[in-house]
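Because the structure is predicted, anything quoted here is derived from the model rather than measured. Chain letters run A, B, ... following the sequence lines, proteins first and then strands; every chain starts at 1.
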Protein chains: 2
Amino acid sequence: MKTLSIKDIAVEAGVSITTVSFIINGKARNKSISEAVIKKVEKIIAESGYKPNQIARSLRTGNSNIIGLIIEDISNSFFSRIARLIEDKAYKKGYKIIYSSTENNVEKAKELINMFKSRKVDGYIISPIKGLEEDIQQLLTDQKPVILFDRSLPGLDTNYVGADHFKATYESIASFIKQGRRRISLITTDIDVAQITARLEGYQKALEDHDIAYDENLVLKVHFNQEEDETRLQMEKLFRTVETDAILFATNYLAISGLKVLKQTGQKIGKNLSVMAYDDHEVFELHTPGISAIQQPLEEIAEAIIQLILRQLSSKTKLDNQQIIFPAKIVQR
Amino acid sequence: MKTLSIKDIAVEAGVSITTVSFIINGKARNKSISEAVIKKVEKIIAESGYKPNQIARSLRTGNSNIIGLIIEDISNSFFSRIARLIEDKAYKKGYKIIYSSTENNVEKAKELINMFKSRKVDGYIISPIKGLEEDIQQLLTDQKPVILFDRSLPGLDTNYVGADHFKATYESIASFIKQGRRRISLITTDIDVAQITARLEGYQKALEDHDIAYDENLVLKVHFNQEEDETRLQMEKLFRTVETDAILFATNYLAISGLKVLKQTGQKIGKNLSVMAYDDHEVFELHTPGISAIQQPLEEIAEAIIQLILRQLSSKTKLDNQQIIFPAKIVQR
DNA sequence: ATTGAGTAGTAAAACGTTTTACTTATTTAT
DNA sequence: ATAAATAAGTAAAACGTTTTACTACTCAAT
């Protein structure tokens, strides 16, 4: 069974291809096609189940109704939840999402951008990594809508949606100090993106403001792409050799690894040790005792991203870039 | 800056479009293009950074190098992990993935299939739901490669990759019984797909084989799309009104909800109550006490799916359908 | 000298749309 | 009665590829 084309519909209705196209695209009224013809063609389309070939359409119009989503790792719950929300909202507006994970690999990320380009995606939603500056700048130069989220890249003037990582970290450290903690450890990663450095800065500033000296032995920067076993070894060593009474984990997967280490070494969270995680996770809610966490407002972030990109997509002219920063919320458990 | 087309390359090299096309597609040697010309054109392509327009290519060839992935919910860790693995493997073979979540909504799923059709995806990987039989049959009739996974639909002769849900459930119940449990509860969902009914059957058969009467008060079928609060209420009522000494949760998100209820009502897991979850999750590993779980071999499943679909894609003729069933593993914690 | 077989390459159709510029008939305004 | 405007619709170009069928030439064999 050959799939139907617009020509088949035109022949069946005894009108030209042009007429059918106008009707499909809702331009019939402007183009003065009679009601009678419109009705007839619409009926035939409905009965035949004809669906326009999106590929041909894209080739002609130059847009695809596809938005490219580039994230670090879809199996990370922060990203999969955001992805789900974005997909949902985009879908309602007639856009589809193609996503891909970069695994923080610059080469892969570049290839992805190229692939999306050659697929003519209409816009890009990117959780960027260092090394992508030029490629993203190129997209901007080509007038493509680009929204960065979660992290931004210094020196790049783009739309950005994220949470106030600095403030959230600052406050979480301040809350530790209020509980009487003084030897506060930060476990973070070595990826050099704004969102991660902001977390370090928030940590440092909070200590400084409370007259606690910064001790670099308390800070562990885990290499991003290493095996979890290696990470756990490093943490275990830290916990064993350095005295701490509170730990802030800068990402949820680090916190999960850390909790595994604490469980294994038998160190109890509570009277002598407080723990907080950046980005909430079901693990933290169910853990005994509950683990406090910094919650980013996922729903709001996804909504802002999609609003921003749709606004761009439907505007003929280049709009001013916007930076939207949401406060993050500390959930004490 | 206009994007380059094959024509620009042809002009620059002083050859025809045809010649460039042959070179791009590695057909130059067959088609007797001289080494000198090949080298020259390749050089120009490399220097200009020209990338063929995939849309035009798809329109002409009828395939897109895109595989459509339809799952229940990308924010469910089982699916997001599978998706990540599939994406990874597909990427290495030059295929991209477009995914979408059905949320167990038949209408949405049908629309998705249509959208994928009109985008001319080369193949479909689907975690199906009841009500999709006809649409999937249509894909098969159209000779499109289709792989179902996680669940299958009765009456549909397709490729299928999944785990042996019946056996895994049977064994988990048997292990409860061996521990001396007799009042074993099953908490499952009401979606009517093979993988869920198999879990119920495994439960029933295990009881029967151990001479324990089936008691329907011990079985809770939660409505799929309901709010988590409602689910928790139902569970709480069950735990309050029915005496149980073991619970098998048929999905990991149900188990997570269940653990929250147990935590809130203060019921302890251990001497008087055993718990097991279908599909592992980090929550279960870190929970105190650890929660036993049935692990599906995600890596193998993803690998089998991708093997199967690539095999189809590269074969001219329709291959025999295969059903690949992996054993699931019980992790006692 | 003619035929046949290779070598090196190209012109043009086709994929299925959208859109511009056009035609023809009818109505309205003068 | 005629010019201008409107209504109803269409032909054909264009988007950027791939692929089929072709040309033009050279060389070897008869």
#### Entry: Residue-phosphate contact under 4.0 Å: B:Y50 side-chain N/O, D:dT17 OP1/OP2
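It does, given that an N or O in the side chain of B:Y50 lies less than 4.0 Å from OP1 or OP2 of D:dT17.
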
### Query
Can you tell me if the side-chain N/O atoms of B:K7 get under 4.0 Å from OP1 or OP2 in D:dG16?
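So the side-chain polar atoms of B:K7 never come under 4.0 Å of the phosphate oxygens OP1 or OP2 of D:dG16.
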
### Message
Are A:Y99 and B:Y99 an aromatic pair, judged by ring center distance below 6.0 Å?
### Response
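When the ring centroids of B:Y99 and A:Y99 are compared, they turn out to be within the sub-6.0 Å range.
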
How many whole angstroms separate atom [atom1] of [X] from atom [atom2] of [N]?
X     : N      : atom1 : atom2 : answer
B:F22 : D:dA21 : CZ    : P     : 12 Å
B:I6  : D:dC15 : CD1   : P     : 14 Å
B:K27 : C:dA8  : NZ    : C1'   : 18 Å
A:I33 : D:dT10 : CD1   : P     : 7 Å
B:I23 : D:dT17 : CD1   : P     : 14 Å

### Task
Would you kindly say whether B:N63 and B:T61 are connected by a side-chain donor-acceptor distance under 3.5 Å?
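The criterion, which ignores hydrogens and geometry beyond distance, is satisfied for B:T61 and B:N63.
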
### Query
Got a sec? Which of residues 8-21 of chain B come in under 4.0 Å of DNA chain D, heavy atoms?
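Contacts with DNA chain D under 4.0 Å: B:I17, B:T18, B:S21.
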
### Query
So which of residues 53-62 of chain A are in contact with DNA chain D, with a heavy-atom cut-off of under 4.0 Å?
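Close to the strand are A:L59, A:R60.
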
Measure the shortest side-chain to side-chain distance between [X] and [Y] over non-hydrogen atoms and say whether it is less than 4.5 angstrom.
X      : Y      : result
B:Y91  : B:I97  : no
B:F224 : B:E72  : yes
B:M115 : A:Q54  : no
A:I126 : A:I147 : no

### Message
One thing to verify: whether A:D122 and A:K96 come together as a salt bridge, which I'm taking to mean a side-chain N less than 4.0 angstrom from a carboxylate O.
### Response
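Looking at A:D122 together with A:K96, the answer is no, because their closest N to O distance does not fall below 4.0 Å.
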
#### Entry: Salt-bridge present (A:E87, B:K108; N to O < 4.0 Å)
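Judged by the 4.0 Å cut-off on N to carboxylate O distance, A:E87 and B:K108 do form a salt bridge.
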
### Query
End-to-end bend of the helix from C:dA1-D:dT30 to C:dT30-D:dA1 (five-pair axes, 10° rounding)?
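The end axes of the helix from C:dA1-D:dT30 to C:dT30-D:dA1 are about 60° apart, to the nearest 10°.
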
### Partner of A:Y160 under side-chain contact (heavy atoms from CB on, under 4.5 Å), chosen from A:D150, A:L148, A:V146
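It is A:L148; the other options fail the test.
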
### Message
By the definition salt bridge (charged side-chain N to carboxylate O under 4.0 Å, His left out), identify the one residue from A:K89, A:R81, A:R84 that meets it with A:E299.
### Response
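The salt bridge (charged side-chain N to carboxylate O under 4.0 Å, His left out) with A:E299 is passed solely by A:K89 among A:K89, A:R81, A:R84.
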
### Message
Quick check: closest heavy atoms across B:Y50 and B:I24, and the distance to 0.1 Å?
### Response
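Of all heavy-atom pairs spanning B:Y50 and B:I24, the closest is CE2-CD1, 3.6 Å.
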
### Query
Choosing from C:dT17, D:dT20, D:dT17, which nucleotide comes nearest the side chain of B:P52?
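My answer, after comparing the listed nucleotides, is D:dT17.
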
#### Entry: Closest nucleotide among D:dT18, C:dA8, D:dA8 to the B:S34 side chain
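Looking only at side-chain atoms, B:S34 lies closest to C:dA8.
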
